[in-house]
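To find a chain, count down the sequence lines: A is the first, B the second, and so on, and within it residues start at 1. From a predicted model like this one, the values you see are computed outputs, not experimental measurements.
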There are 2 protein chains.
Amino acid sequence: MLVYFWQMGRIKTTNNQLTRKEIIIEKAATLFKEKGFKAASMREIADVVGVEAASLYNHIKSKNELLNIICFGVANRYTHKMDEVEASKLSTLAKVESLLRFHIDGMINYFEEVYVSDREWKHLDNPYLSNMQNQRRTYRKRFAAIIEEGIKKKEIKKIDAATAVLIMLHAIGGIESWHRSTRKIIGKELEENMVTFLIDGLRKI
Amino acid sequence: MLVYFWQMGRIKTTNNQLTRKEIIIEKAATLFKEKGFKAASMREIADVVGVEAASLYNHIKSKNELLNIICFGVANRYTHKMDEVEASKLSTLAKVESLLRFHIDGMINYFEEVYVSDREWKHLDNPYLSNMQNQRRTYRKRFAAIIEEGIKKKEIKKIDAATAVLIMLHAIGGIESWHRSTRKIIGKELEENMVTFLIDGLRKI
DNA sequence: AAAATATACTAACATCTGTTAGTGTCAAAA
DNA sequence: TTTTGACACTAACAGATGTTAGTATATTTT
């Protein structure tokens, strides 16, 4: 008589209170960050999750759905924050600073998702791709509008607003894992450094 | 009687004085920029070049060789510039400004290669991968050393040098094609905007 | 003109890709 | 206890991938 044993361990969900789907998304985000969306395969994701590739499809519709969820999760956070900042009564420079700190915090606390969203959104497929392009364009325009208002009110130096936005967003997007995990610079300290730099520049006054 | 025609048009090399290999590299760089290294296939590159995929292998050894050439071309330019700047007698702030302008010019004049080198170097394979990691680390350290000297000489504000380098390099790396081709901001003007921002910040003094 | 080299072609390969079909089992609901 | 739904499995697909082999032609050298 022959007895078959085979491991059919389910994805563990007891540790955190994440659903299985959320666990998959989390692991996928890490892999997308490390190898890029195209280079990370469903079989690799499945390996990390501890499951066969086909099993992932009990939880998600496609590989691209994973990217959709990651990217739009981040984009929606951005939009909400921008709504909030626009509605606030802060000075324009304080608005800019608030957005900067928000982005830096995001980079520190949601590194994988933000990183992936920033660098891999081009692999979205339509209609999500054009949706994302619109959201990004709109966000930058709203950001630039704040700067332009600051220039008008003489709170901000007279520079090209679009360029300033580009610089700030990319500067923050450049925070890397080694930089986050380095003992010398952590969290708040990194934040202060970046804000100081971006608001006041390099030159000693 | 049956007569066969088939096009065996060679890659045209008369236009510029580029070798066929250089033409392939150029087209590959554009494609790598647009789709990413992994997503761009040899067959697509061949299409753009106007040839069958297999024919590319008369000129190059592998897809990865294309990436090697692109990435190390850029890295070597960086190293040479850094040698030159270090050897100069400029003030530290002027050294930083010189490097900034060099990077911005590079982004404008060699956009595809620089962009690809910056974002796709992770797909290099060893030993090129670790070589590139070393070159990048070394470059940033040399850049940071200039800033630290500037801080010591009280020419530069007291901030974390590594963070400053990260900010500047990524801010410049964020120049995108739409931004380059926009009528409103071109070449020198973009350069002035960025240098102003990075040296003097946003705040109006 | 002949020989040699460079370079294009077609055909095919082995491997990897995302994904579906079909089946069995465990946990929760009835 | 029985039923049901969630979820894991194996097997396999069709298509894309980088690359090689073998061959034919165009260009350059002799």
(Q) Nearest whole Å is fine: how far is C/dG18 C1' from A/Glu65 CD? (A) 14 Å

Q. Considering only side-chain heavy atoms of A/Glu52, which listed nucleotide, C/dT10, D/dC9, D/dT20, is closest?
A. D/dC9

Q: Quickly work out the B/Asp125 CG to D/dG18 P distance and round it to whole Å.
A: 13 Å

Q | Position toward the 5' end of DNA chain D (nearest nucleotide), A/Ala54 or B/Ala54 | A | A/Ala54

Q) Is there a donor and acceptor pair closer than 3.5 Å between the side chain of A/Asn58 and the base of D/dA8? A) yes

Q | Euclidean distance, A/Tyr78 OH relative to A/Arg140 CZ, rounded to 0.5 Å | A | 11.5 Å

Q: Would you indicate, yes or no, if C/dT7 has its OP1 or OP2 atom less than 4.0 angstrom from a side-chain nitrogen or oxygen of B/Arg20?
A: yes

Q | Distance, rounded to the nearest Å, where A/Asn64 contributes CG and C/dT19 contributes C1' | A | 13 Å

Q) Looking just at side-chain N and O atoms, do B/Thr92 and B/Glu149 make a donor-acceptor pair shorter than 3.5 Å? A) no

**Q.** Whole angstrom value for the distance that separates P of C/dT15 from CZ of A/Arg43
**A.** 14 Å

Q: Between B/Ser55 and A/Met42, name the one whose nearest nucleotide on DNA chain C is closer to the 5' end.
A: B/Ser55

Q) B/Lys35 has an atom NZ; how far is it from atom P of D/dA16, in whole Å? A) 12 Å

**Q.** Over-ring placement of B/Lys63 relative to B/Phe37, 6.0 Å and 45° cut-offs
**A.** yes

Q. Relative to B/Tyr110, does B/Arg77 satisfy both conditions: NZ or CZ under 6.0 angstrom from the six-membered ring centre, and within 45 degrees of the ring's axis?
A. yes

Q) In whole Å, what is the span from the NZ atom of A/Lys38 to the P atom of D/dT17? A) 8 Å

Q: Could you state the atom-to-atom distance from CD1 of B/Ile45 to C1' of D/dT17 in whole Å?
A: 12 Å

Q | Sugar-phosphate, base or nothing in reach of A/Ala46, heavy atoms under 4.0 Å | A | nothing

Q.
Ignoring hydrogens and geometry beyond distance, is a side-chain donor-acceptor pair present between B/Asn134 and B/Thr138 at under 3.5 Å?
A. no

Q) How close or far is atom C1' of C/dT15 from atom NZ of B/Lys63, stated in whole angstroms? A) 15 Å

Q.
With a cut-off of less than 4.0 Å, is there a side-chain N or O of A/His59 near OP1 or OP2 of D/dA8?
A. yes

